[in-house]
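Have a look at the structure below, then the notes.
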Amino acid sequence: MSDSSTRHELSKRYDPSGIESRIYRRWVERNAFHVEADRAQDPYVIAIPPPNVTAALHMGHGLNNTIQDVLIRFQRMKGRDAMWIPGTDHAGIATQNVVERELAGEGLSRDDLGREAFVERVWGWVDQYGSTIIEQLKTMGCSCDWDRTRFTLDEGLSRAVREVFVRLYEKGLIYRGNYIINWCPRCQTALANEEAEHRDVEGKLYHIRYPLTDEPEAWITVATTRPETMLGDTAVAVHPEDARNRELVGREVDLPLAGRRLRIIADEYVDPEFASGFVKVTPAHDPNDFEIGRRHGLDEISVMHGDGTINDLAPAAYRGLDRREARHRVVEDLKSLGLLERIEDHLHAVGHCYRCATEVEPRLSLQWFVRMAPLAEPALKAYREGRLRFHPERFGNTYEHWMTNVRDWCISRQLWWGHRIPVWYCQECGEVLVAREEPAECRACGRAVEQDPDVLDTWFSSWLWPFSTLGWPDRTADLDTFYPTTTLSTAPEILFFWVARMVMAGLEFMDDLPFTDVLLHGTVRDARGRRMSKSLGNGIDPLEVVELFGADAMRHTLVNAAALGTDLQLDNEDLEGAFRVGRNFTNKMWNAVRFTLPYLAAEDLRRPPDRASLELTDRWILSRFATAAASVTDALERFRLHDAAETAYQFVWSEFCDWYLELVKGRLRGESGEESRLSAATSLAYVVDGWLRLLHPIMPFITEELACHLPGRSDDDTLLFGPWPEPPASLHDAEAEQALDELRELTNLVRNLRSEYGVDPARKIDVIVANASPGLGLALETEEAGALRLAGLAALAATDAIPQGEPGAHAVMRSGSEIFLPLRDVVDLERERARLAVEIEKLELQLDQARKRLDDRTFTERAPDAVVERERDKRRSLEERYARLREKRAAFAEAD
RNA sequence: GGGGCCUUAGCUCAGCUGGCUAGAGCGCUACGUUGACAUCGUAGAGGUCACUGGUUCGAGUCCAGUAGGCCCCACCA
């Protein structure tokens, strides 16, 4: 690679376009993200939550994948074999819906094509668009091991799915049966419990009279929210202890409209306090009624087709009506029969399909299920024993609750797109064959067999993701090396769908947790606090953000806004505003490095300069850098990415740029001699290299680009593999920090006074310092020139005592050092006296507080010594400043 | 019905194990084109940390309750 690509003058503004794609290409060309199993000594592994193949990148992806990339890059720089497995999910219903919609545009349905052609069509779609999101992840800078990209429906993963199905079946953990499941009448498939989203709906509660068979003038009243299901009633139930109603148990009622006789039965399920205490029992259309029905051996009459229309088991008048129309008709008919007692408003939760939001229909049907309790037990144990950790911790409660109340998982879907259920039925003898490979014939009778037409829930493949992607069920080197993975980062809403199930599968099939730490990030919201969504049209397109401000700016903004466990808000109507912080920061970094480049010593950037040869300011920035680096490292290790971003930002901007660069400018130009220049140049080089590394996980492009320009570096060098900055503890320098703190305080005080008295910024003024503390003395000894420049001073003089009563502005520092600006032309005596009075008053308040505390015996006795000592220091400092300021004021009074 | 979270500056939010004068960014005010950066610099205004009580030498931080907002789970029709 030649130098020509990057070795040019840096532009005045940072322009990420061009740079980012060039850098990414360079990484890919050297195959930098790939890790070979046989060379991985210390693996750190993340399996990406595979986005749906139908997906286009949204901010939720942006956030989650930034988080993962930060973690991966951090660990890679620390020297670990960081491997990030990418891939996509075939997303059964979602993808099938997309292609069906496409077909609908051509006036076709999937039935027009037939199963085979339809599936082929979906594959075609996947081939064409399925890698869109993968490409978009690259634009964001994600450092996935692209060689390992997997798809939940590829050959290897399909084999894993069949293997798992067969094993669970043989273990008795998969069964088939007729149960009430959640049915989406639009998608026309079964759903898992988790796939039905409960939402409150304003409904009605209908009170309906069922006449007693042997006493036609008398009736009982049942209450229902779904009158149309009465067509499938097969009993009426009361609570066995219900004093009001229990003598009716055993009698019969005439079911209106359907003309069927129903027995009144007693069942504990019924709440005797609710409404009249009678419940109509519809075993085929309600999960509770189903249970009652099984307990009492009731008929299960399903009165609906899969599409939600009434079927032939209902009276002719209702056949073919949609469930809504049927409800209306039933209510009207009951009204005209005088059997509708009343209708009340009723708020209740109704399940909705998580893919198309259609109201779910509880429906009796023959499906395949996984018995979950035996799988949940070890998964729960792992959490309780602390082997599985959640960040933030509170999600552990949610996990525990779900695990302890887990219900069997309906895994069959009446779709065409997905893993075909590996079960074959003999048409002759009814034999059921569950097999890894398609059987040629029935093992019982030798006749032809036919495969179950259904496919598996898409999560039935994703729950195997952490090991199926590594080659399982084969015992591969990848599997040995990279399983278990380390961290999982995802959105809390798929805790049950995916995270919990992966834990179960990992423990069941690999005998080990799939990961040890689960990081659950917040939700991205719009300016009004609403969740960003396609339907609301309030999303922000990450690609547009990258285009406008660069991936680094976006990543920084996202990480910076996403404190652990909190949602983040981004203004979708003001992109510029939303990403300003990150964008401005990239520009700041760019210019900071651009400025330093000509001055950097071409020493070994990675070796901290020897302290003995350094000047105070250099020792100070090295000390600050050591603190920042330790704190960023700690934050990243604890998944507190936000803190890491914040710390690095403050260090670079507020300490490095605002103070260090400003202070050393003159020295870098050689104004203080060669030795001084060298001290600054070597320190600068070490610190710049260091903070570029600290920021690389969050902002990989700009840091990589800038690092290439450092002396002795070329395009062939990269920050990818570290080393991660681990400055020696010896860089911590209390003396330098103390001195520079005082220097900064002095500068701030002078600036403040200048501003208050409206001194022309261009005007150089003098300052007199008296009673300088050792720290300030030390600072001025070496940094006088810097202080003069930053405070806009012409000269700085030290004396033993400030001239008494002379017109000018006064201040006293925390250390007790005094400052005097002899500004006889601008300082108004009256005003200065008033200003001092205000200062004195403020000090008095603080002093009172400190004294009160220290006078309190319980405080001095019970608080830790260190706290008490600090308080004493504070009082001492306050007393000193107080005394000095009062002197000033007194002097003014005399002078007047 | 159960569980969890939130309420801190005009706005968006930090503040982890309780301890110096509660922070950041944006916005606002005043001033500034001193050769890194106007995507900038300097200074400043702005907070009874929702409310009430408790624990403690000490509470934004811990506990209880109140009010408001949000989320998850749940088979009372």
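All heavy atoms count here, side chains included; hydrogens, waters and symmetry mates do not.
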Taking the six-membered ring for Trp, are [X] and [Y] parallel (under 30°), tilted (30 to 60°) or perpendicular (over 60°)?
X        : Y        : result
A:Phe656 : A:Phe651 : tilted
A:Tyr354 : A:Phe497 : parallel
A:Phe585 : A:His556 : tilted

Interatomic distance where [atom1] belongs to [X] and [atom2] belongs to [N] [whole Å]:
X        : N      : atom1 : atom2 : answer
A:Arg525 : B:rU12 : CZ    : P     : 13 Å
A:His352 : B:rC72 : NE2   : P     : 14 Å
A:His521 : B:rC71 : NE2   : P     : 17 Å
A:Arg763 : B:rU34 : CZ    : P     : 19 Å
A:Asp643 : B:rA24 : CG    : P     : 15 Å
A:His642 : B:rG23 : NE2   : P     : 16 Å
A:Lys852 : B:rG19 : NZ    : P     : 21 Å
A:Leu495 : B:rC71 : CG    : C1'   : 13 Å

Quiz item: Between A:Tyr210 and A:Phe278, is the gap from one ring center to the other below 6.0 Å?
Solution: no

Write down the distance separating the [atom1] atoms in [N] and [M], rounded off to the nearest Å.
N      : M      : atom1 : value
B:rG60 : B:rC76 : P     : 42 Å
B:rA30 : B:rC70 : P     : 39 Å
B:rG1  : B:rU66 : P     : 14 Å
B:rC20 : B:rU34 : C1'   : 37 Å
B:rA59 : B:rA67 : P     : 26 Å
B:rC75 : B:rU56 : C1'   : 48 Å
B:rG15 : B:rA24 : C1'   : 10 Å
B:rU55 : B:rU61 : C1'   : 14 Å

[options]: which one has an atom nearest the side-chain heavy atoms of [X]?
X        : options                : answer
A:Ala592 : B:rC75, B:rA36, B:rG4  : B:rA36
A:Asn397 : B:rA77, B:rU12, B:rG4  : B:rG4
A:Ala863 : B:rC76, B:rA43, B:rG19 : B:rG19
A:Asp658 : B:rU42, B:rG32, B:rU39 : B:rU42
A:Asn591 : B:rC20, B:rC37, B:rA14 : B:rC37
A:Thr225 : B:rU39, B:rA36, B:rA77 : B:rA77
A:Ser755 : B:rA43, B:rC26, B:rA74 : B:rA43
A:Trp653 : B:rC76, B:rC40, B:rC26 : B:rC40
A:Lys588 : B:rC16, B:rA36, B:rA77 : B:rA36
A:Asn288 : B:rC37, B:rC75, B:rC76 : B:rC75

If pairing requires Watson-Crick or G-U wobble contacts with both distances under 3.5 Å, which nucleotide is the partner of [N]?
N      : answer
B:rA64 : B:rU52
B:rG35 : none
B:rC26 : B:rG10
B:rC75 : none

Quiz item: Is it true that the NZ or CZ of A:Lys665 lies under 6.0 Å from the centre of A:Phe595's six-membered ring and within 45 degrees of the ring axis?
Solution: yes

Quiz item: Relative to A:Tyr179, does A:Arg294 satisfy both conditions: NZ or CZ under 6.0 angstrom from the six-membered ring centre, and within 45 degrees of the ring's axis?
Solution: yes

side-chain N/O [X] vs [N] OP1/OP2, d < 4.0 Å:
X        : N      : answer
A:Arg640 : B:rA14 : no
A:Arg580 : B:rG27 : yes
A:Arg528 : B:rC11 : no

Quiz item: How far apart are the closest heavy atoms of A:Arg323 and A:Glu359, and which atoms are they?
Solution: NH2-O, 2.8 Å

Practice problem: State, to 0.1 Å, how close A:Val559 and A:Leu641 come at their nearest heavy-atom pair, and which atoms those are. | Solution: CG1-O, 3.4 Å

Just call it for [X]: base, sugar-phosphate, or nothing, with non-hydrogen atoms closer than 4.0 Å on any strand.
X        : result
A:Lys280 : nothing
A:Pro864 : base
A:Arg875 : nothing
A:Phe496 : sugar-phosphate
A:Asp289 : nothing
A:Arg13  : base
A:Val279 : base
A:Thr586 : nothing
A:Arg754 : nothing
A:Asn752 : sugar-phosphate
A:Arg583 : base
A:Gln650 : sugar-phosphate
A:Glu400 : nothing
A:Val593 : nothing

Quiz item: With no angle test and no hydrogens, is the base of B:rC16 tied to the side chain of A:Arg638 by a donor-acceptor pair under 3.5 Å?
Solution: yes

Self-check item: Check: B:rA36 base within 3.5 Å donor-acceptor of A:Lys665 side chain
Solution: yes

Quiz item: How do A:Glu646 and A:Asp856 order along RNA chain B: which one's closest nucleotide is nearer the 5' end?
Solution: A:Glu646

Self-check item: 5′-ward residue of the pair A:His348/A:Arg669 relative to RNA chain B
Solution: A:Arg669

Quiz item: Without hydrogens or angle criteria, can the side chains of A:His348 and A:Asp200 be said to hold a donor-acceptor pair below 3.5 Å?
Solution: no

Self-check item: Working for side-chain hydrogen bond (donor to acceptor under 3.5 Å, both in side chains), residues A:Lys280 and A:Thr282
Solution: CA-CA 7 Å; A:Lys280 63 189 268 307; A:Thr282 323; 2.9 Å; yes

